[in-house]
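What's counted below: heavy atoms across the whole structure, side chains too, no hydrogens, waters or symmetry copies.
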Protein chains: 2
Amino acid sequence: MGTDLDSVFAALADPTRRAILSMLLEDDMAVTDVAEPFEMSLTGISKHLNILAQAGLITQERRGRVKWCKLDPDALRDASIWMQGFGQFEAVNLDAFERFLAAEISAAGMEAEEP
Amino acid sequence: MGTDLDSVFAALADPTRRAILSMLLEDDMAVTDVAEPFEMSLTGISKHLNILAQAGLITQERRGRVKWCKLDPDALRDASIWMQGFGQFEAVNLDAFERFLAAEISAAGMEAEEP
DNA sequence: CGCATAGTCAACCGTCCGGTTGACTATGGC
DNA sequence: GCCATAGTCAACCGGACGGTTGACTATGCG
């Protein structure tokens, strides 16, 4: 519904919006608080938030007079899955992934281990 | 250089361009051949290809009078990595990934095998 | 009640985007 | 040499985008 790739990728194509997502990664925030670190009008930020919400990347819940913004990674996952279709060949098996894989394999070899 | 997230995500935000990438996934193609299935002028497709190239998603090599377009997944990988920062929780492609992982692990167990 | 705070709405502005057409430049086949 | 093929360039068009300002609504505080 709000998860079509067009709007998701379009939403991600703006550095301000990506920065907002990064901020929301740490904690839910009110619109005004989101706007604070940016040199931009509150209206401008509000628009960006609407775009993110419409793309399904965040959800917004009004509580009293403050509107809380919360990251919603589902849409991101959809986009990520689409992208991984291209990575399968050779992108996937790079450095980080290979190390992760090696760790996983050796872990499977020694059976069970919980830090 | 051509790998900033702005241009990559912007390039991905168009359905025609995503379709082109999918086509190039199967094989390298000449500009005219890329254009063929679309109801759009050759110039239009050429522009899309330039946008993809500038984003680093494809490379173009001119051989004779035909310009070959080739998928270049590196830029996609960068974007994918950025996105996975948000997916850490649960994202990374469950099903397909887990099956791949299981196959990889069992393959590692039986040591060597080249089709 | 009165005022500050949180946020939206509507209008506007300049710029970029997706797409077209028409003219143009190469390269290749006969 | 001639013509078809491959592709680009430049100009143009409507519409969307990023951003601003000013007026407005609504909730909370004292």
Original post:
What integer distance in Å separates Q54(A):CD from dA16(D):P?
Top reply: 13 Å
Original post:
E36(A) CD to dG7(C) P: how many Å, rounded?
Top reply: 13 Å
Subject >> Pairwise 5' ranking along DNA chain D for T32(B) and E39(A), keeping only the more 5' one >> reply: T32(B)
Original post:
Taking atom P of dG28(C) as reference, at what distance in whole Å does atom NZ of K67(B) sit?
Top reply: 15 Å
Original post:
Counting side-chain heavy atoms from CB outward, which of dG7(D), dG28(D), dG19(C) is closest to R65(A)?
Top reply: dG28(D)
Original post:
Counting side-chain heavy atoms from CB outward, which of dT27(D), dT8(C), dG18(D) is closest to R62(A)?
Top reply: dT8(C)
Original post:
Given that G64(A) and M40(A) both sit by DNA chain D, which one's nearest nucleotide is further toward the 5' end?
Top reply: M40(A)
Original post:
Rounded to the Å, how far apart are R18(A) CZ and dG18(D) C1'?
Top reply: 15 Å
**OP:** List in numerical order all residues of residues 41-48 of chain B for which some heavy atom is under 4.0 Å away from an atom belonging to DNA chain C.
**Re:** S41(B), T43(B), G44(B), K47(B), H48(B)
**OP:** Report which part of the nucleic acid R17(A) touches: base, sugar-phosphate, or nothing (heavy-atom distance under 4.0 Å, all strands).
**Re:** sugar-phosphate
Subject >> salt bridge (Lys or Arg N to Asp or Glu O under 4.0 Å) partners for D6(A), two or more places apart >> reply: R18(B)
**OP:** To the nearest Å, give me how far apart CE (M29(A)) and C1' (dA6(C)) are.
**Re:** 14 Å
Original post:
When clusters are formed by joining ILVMFWY residues with side-chain heavy atoms under 4.5 Å apart, either directly or through shared neighbours, do L71(B) and I81(B) land in the same one?
Top reply: no
Subject >> Atom-to-atom span, CG of D6(B) to P of dC16(C) - whole angstrom >> reply: 14 Å
Original post:
Going by the angle between their ring planes, with limits at 30° and 60°, are W82(B) and F9(B) parallel, tilted or perpendicular?
Top reply: perpendicular
Original post:
What is the distance, rounded to the nearest whole Å, between atom CD of E61(B) and atom P of dT27(C)?
Top reply: 15 Å
Subject >> Test side-chain contact (heavy atoms from CB on, under 4.5 Å) applied to L24(A) and C69(A), step by step >> reply: CA-CA 7 Å; L24(A) 292 178; C69(A) 305; 4.1 Å; yes
Original post:
Judged by atom type as modelled, is there a donor-acceptor pair below 3.5 Å linking the side chain of R17(A) to the main-chain atoms of A10(A)?
Top reply: yes
**OP:** Using a 4.0 Å heavy-atom cut-off across all strands, classify A30(B) as base, sugar-phosphate, or nothing.
**Re:** sugar-phosphate
Subject >> Options dG18(D), dT27(C), dT27(D), nucleotide nearest the side-chain atoms of D14(A) >> reply: dG18(D)
Subject >> Rounded distance (Å) that lies between atom P of dC17(C) and atom CG of L49(B) >> reply: 16 Å
Subject >> L76(A) vs L12(A) side-chain heavy atoms within contact, under 4.5 Å >> reply: yes
Original post:
Taking side chain as C-beta onward, heavy atoms only, is S46(A) less than 4.5 Å from L49(A)?
Top reply: no
